[in-house]
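Some notes on the structure that comes next.
Computed over heavy atoms, backbone and side chain alike; hydrogens, waters and symmetry mates excluded.
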Amino acid sequence: MKKYVTVVFLMLFVGVEVSAQQFPEKLTIKDIFHEPFIPGTRPSFSHFSPNGKTIYFNWSDSATSNTELFQVGLSGKNQKKAPKDIVRNYELSPDGSKLLYTESGDLMLADANFENERLVVASKGFDYNPVWNPDGTRFAFVQNGDVWISGVEEAYIEQITNKEEGEPNYSVAGWAGDKIVLSQWDTSDYEEYYFPEYAGRLVETGATRRGIPSRIISIAAIDSGEVTEIFDHHGYLSVDVSASGKFVAIDATDPPQKKRTIKVFNMKDLSSNVLFEDSTKGWIYNTNMEFAPATDRLMFQSERDGWNHIYTVNPDGSGFEQHTFGEYDIPWASWIDERTIAMATSEMDPGEIHLYKLDIIRNLPTKLTAEEGYRRDFRMSHDRRFIVYNKTFFNEPFDLYVVDTVIPLREVQLTNSVPESFYEYDWQKEQYVRFTGRDGNTRLSMSVLKPEKRNPKGNPVVVFVHGAGSLQNVYKGWSNNYWREYMFHQYLNQQGYYVIEVDYRHSTGYGRKFREDVTNWMGKYETEDIEDGLAFLADNFEKADTSRVGIYGGSYGGFMALYAVGVSPEKFDAAAGLRSVTNWENYYYANPGYTLPRLGKPDVDSLNYARSSPITYADSLQQPVILLHGLIDNNVGFQDAVHYIERLIQNGNEEFEMMMYPTERHSFRDEDAWYDEYRRIYEFFNKHLKES
């Protein structure tokens with residue numbers, strides 16, 4: 001394979017000179033995938049205490065997959081295991097003095113410190129979804145799919161809805177003054193599919209129903225008991241109620257996710273007003289909408305100008321304003337008060353996320369975080385003062401942090417979850433690169449890990465491709481989704497490989513056009529971007545031998561590995577596909593919510609499906625592949641592996657390998673299965689990429 005030469009690239013870093021680096025001698029594939037985990041277990045936020053002074057999180061202090069609930073103060077001190085009987089899910093009253101929660105199927109009322117607990121609703125059914133009314137004198141809840149209300153001080157209970165048998169269950173979306181906003185999920189149009197399970201004594205069908213739901217929004221008048229349907233929508237929607245209770249906003253997107261409409265209903269007469277519309281040839285992404293905490297002004301996010309930005313508008317459509325501008329993404333935003341919005345942005349760099357608070361009157365941002373790093377999973381306290389999130393930096397796995405919006409630039413680390421033994425390994429710091437693709441316009445992010453020892457004849461290259469498609473995985477930090485793979489890559493470095501990853505078009509965090517370029521033809525532009533990454537590597541790392549390139553990934557990454565080796569055999573010499581989509585028509589039926597926006601419908605848009613599916617190119621496959629798949633995968637069915645392998649067999653192809661895992665679904669759980677899978681990938685690449 002000849003070295004690939006492309007157009008001139010812009011480098012955003014200096015010092016690409018290769019140099020030797022120490023690698024951990026004790027790192028083994030078995031250690032990477034077996035418990036206890038080398039980097040420990042990442043803590044995940046659970047909830048705030050009612051007074052907002054304690055954070056609860058799930059974690060394993062033994063670095064295993066068996067997590068428990070822990071707690072820590074806002075200062076990061078007093079970390080300990082949480083009591084076994086802690087209530088995780090509760091509803092805080094409007095004045096913050098009372099709590100409602102479900103216990104053993106009944107509803108309990110207690111003070112905000114969980115004292116003076118008393119039973120308020122007990123029935124033969126399961127009572128759940130309690131929601132306070134605005135003044136805290138009553139609450140609505142659901143029992144057997146119907147909505148009831150109960151008094152707090154005044155003892156009474158009243159049934160509000162009386163659904164017929166077979167009708168979708170109700171849930172309480174909120175109170176609008178003396179009315180209740182109700183929601184129903186209608187899945188009657190779902191179809192049944194099968195993911196058989198073989199490991200038991202008898203084969204089970206693995207039946208499941210899949211489809212895109214319809215949502216029905218209704219308003220229940222407490223005094224009359226009348227229930228009025230105001231919105232019936234096939235697709236996706238969110239609902240919010242204004243602080244005054246006068247308005248209900250509905251943010252609706254159609255099933256192909258091509259059109260979005262925000263409509264506000266006036267609770268006085270149920271009249272409605274369309275406040276915002278957006279449409280795209282690709283798919284709507286990262287919608288967010290909420291009323292201000294003390295006014296009727298609505299905030300929402302949209303990619304209308306090409307990047308996800310913040311807008312506000314009044315319920316009558318007046319005062320429409322865009323508050324943020326520029327070629328950067330805002331992955332999260334939420335109100336602090338009636339004139340201030342907290343937001344996370346990538347304005348500094350696509351691989352770096354910082355928090356700000358934005359004064360929407362003056363459009364003046366105040367930076368809340370200072371240290372370089374990547375932040376995600378933001379949660380705001382009940383009083384809207386504190387924001388808890390996960391933060392990482394290069395070779396520093398994610399930990400929980402908190403920032404006080406009143407005191408900017410004072411970021412507090414809440415957890416220290418990485419074992420000391422992790423730092424005994426001399427992890428290589430990946431090189432984070434930004435360059436321009438072959439079209440002269442598309443900016444791409446790539447990570448580069450170098451081999452421990454440079455071979456005078458050159459070192460082979462392994463390309464890792466992240467899954468999901470719509471995901472960002474190249475950033476200034478430790479991978480949240482692919483931490484095992486990251487350690488495996490360092491092991492490959494130790495064995496003489498370069499390892500690169502490119503955030504190809506379709507990835508999130510780079511604007512609407514970047515993500516949507518792949519619409520109607522998945523694989524084409526992603527492959528081009530990865531090839532451009534290889535060209536950059538060849539031009540800037542003299543010992544990178546791009547005549548010996550392996551590519552691998554899981555799920556969407558597995559699809560990409562098989563697609564790339566099928567359409568571009570002169571660039572890729574071997575491919576490992578894990579839980580790979582090989583035929584997008586199969587995945588349309590398993591997950592239409594994902595596939596419809598990107599490729600359309602198989603019977604109408606057959607060309608899109610054919611040219612995007614690796615199985616189309618299996619007849620002419622020239623390079624060796626290995627497929628690894630969980631037998632009971634109920635996301636990308638094992639059927640995809642079967643179809644692809646059968647096509648290879650029928651074409652007389654002998655350059656393939658296959659391994660199935662009888663008790664694994666899409667996300668593997670067993671450490672031995674993880675180890676076996678990556679051992680085989682390593683041996684496969686050694687066989688086909690290493691010089692004899």
Side-chain angles (χ1 to χ4, degrees), residues 3 11 13-34 37-39 392-397 418-433 446-465 473-474 476-479 482-502 530 533-553 572-574 576 674-675 677-692:
K3 183 180 290 187
M11 293 193 304
F13 74 104
V14 295
V16 297
E17 178 183 354
V18 294
S19 60
Q21 176 158 356
Q22 291 292 7
F23 282 76
E25 294 181 356
K26 295 183 292 185
L27 188 64
T28 68
I29 298 179
K30 183 165 288 189
D31 287 340
I32 290 169
F33 294 102
H34 279 74
F37 301 128
I38 293 173
T392 182
F393 193 55
F394 293 116
N395 290 336
E396 297 175 9
V418 182
E420 286 296 324
S421 57
F422 172 83
Y423 298 103
E424 295 176 6
Y425 293 90
D426 189 12
W427 302 102
Q428 178 184 174
K429 180 182 176 181
E430 64 185 294
Q431 290 199 8
Y432 171 80
V433 178
M446 180 171 74
S447 67
V448 180
L449 287 165
K450 298 174 291 187
E452 177 185 6
K453 296 179 180 179
R454 312 301 189 271
N455 188 324
K457 296 181 180 180
N459 295 75
V461 181
V462 169
V463 178
F464 173 67
V465 191
N473 198 52
V474 177
K476 298 178 180 180
W478 183 265
S479 177
Y482 298 103
W483 53 274
R484 292 181 179 89
E485 288 81 350
Y486 186 80
M487 292 188 291
F488 176 63
H489 298 162
Q490 301 250 348
Y491 178 80
L492 290 177
N493 299 149
Q494 192 175 354
Q495 308 306 315
Y497 289 93
Y498 276 94
V499 180
I500 69 167
E501 178 182 2
V502 178
I530 293 169
L534 287 168
F536 182 92
L537 186 75
D539 291 343
N540 294 280
F541 296 80
E542 62 175 340
K543 295 303 179 183
D545 184 358
T546 53
S547 69
R548 292 181 287 155
V549 176
I551 183 171
Y552 92 98
F572 303 96
D573 302 282
W674 274 106
Y675 166 67
E677 188 176 42
Y678 279 77
R679 175 188 61 80
R680 291 175 187 275
I681 295 170
Y682 170 66
E683 292 173 354
F684 176 78
F685 284 148
N686 272 355
K687 176 181 177 181
H688 295 288
L689 302 180
K690 287 289 185 75
E691 292 183 334
S692 58

Atom of [X], atom of [Y] and distance for their closest heavy-atom approach:
X: L449; Y: Q490; answer: CD2-NE2, 3.7 Å
X: L689; Y: G550; answer: CD1-N, 3.4 Å
X: G533; Y: V502; answer: CA-CG2, 4.1 Å
X: G458; Y: R548; answer: O-NH2, 2.9 Å
X: Y675; Y: I29; answer: CD1-CG2, 3.7 Å
X: G496; Y: P451; answer: C-CB, 3.6 Å

Output all residues satisfying ring pair (Phe, Tyr, Trp, His ring centres under 6.0 Å) with [X], sequence neighbours left out; order by chain, then residue number.
X: F37; answer: W483
X: Y486; answer: W478
X: F394; answer: none

Check whether any side-chain heavy atom of [X] sits under 4.5 Å from a side-chain heavy atom of [Y], and report yes or no.
X: Y498; Y: T546; result: no
X: Y497; Y: N686; result: yes
X: Q431; Y: K450; result: yes
X: L534; Y: F572; result: yes

Spell out, as yes or no, whether a donor-acceptor pair under 3.5 Å connects the side chain of [X] to the backbone of [Y].
X: W427; Y: F422; answer: yes
X: N459; Y: R454; answer: no
X: R484; Y: F33; answer: no
X: K543; Y: P456; answer: yes
X: D573; Y: V549; answer: yes

Checking [X] now: which residues fulfil side chain to side chain donor-acceptor pair (under 3.5 Å) with it, not counting sequence neighbours?
X: N455; result: none
X: T392; result: none
X: E485; result: Y678
X: N473; result: S479, E501

Residue that, paired with V448, satisfies side-chain contact (heavy atoms from CB on, under 4.5 Å) out of N540, V461, V433: V433
Could you tell me the separation between the CD atom of E430 and the CE atom of M446, rounded to the nearest 0.5 Å? 11.0 Å
Going from CG on L27 to CD on Q495, what distance comes out if it is rounded to the nearest 0.5 angstrom? 9.0 Å
Begin with the C-alpha distance, continue with both residues' side-chain angles, and end with the deciding distance and a verdict on salt bridge (charged side-chain N to carboxylate O under 4.0 Å, His left out) for E683 and R679. CA-CA 6 Å; E683 292 173 354; R679 175 188 61 80; 3.1 Å; yes
For K30, which residues count as a salt bridge (Lys or Arg N to Asp or Glu O under 4.0 Å) partner, sequence neighbours excluded? none
Would you please test F464 and Y482 for ring-ring contact (aromatic ring centres under 6.0 Å, His included) and show each step? CA-CA 10 Å; F464 173 67; Y482 298 103; 5.2 Å; yes
Residues in side chain to side chain contact (heavy atoms under 4.5 Å, CB included) contact with R680, at least two apart in sequence or another chain: I626, L628, M659, Y661, D676
Can you tell me how the ring of H489 sits relative to the ring of Y552, calling it parallel under 30°, perpendicular over 60° and tilted otherwise? perpendicular
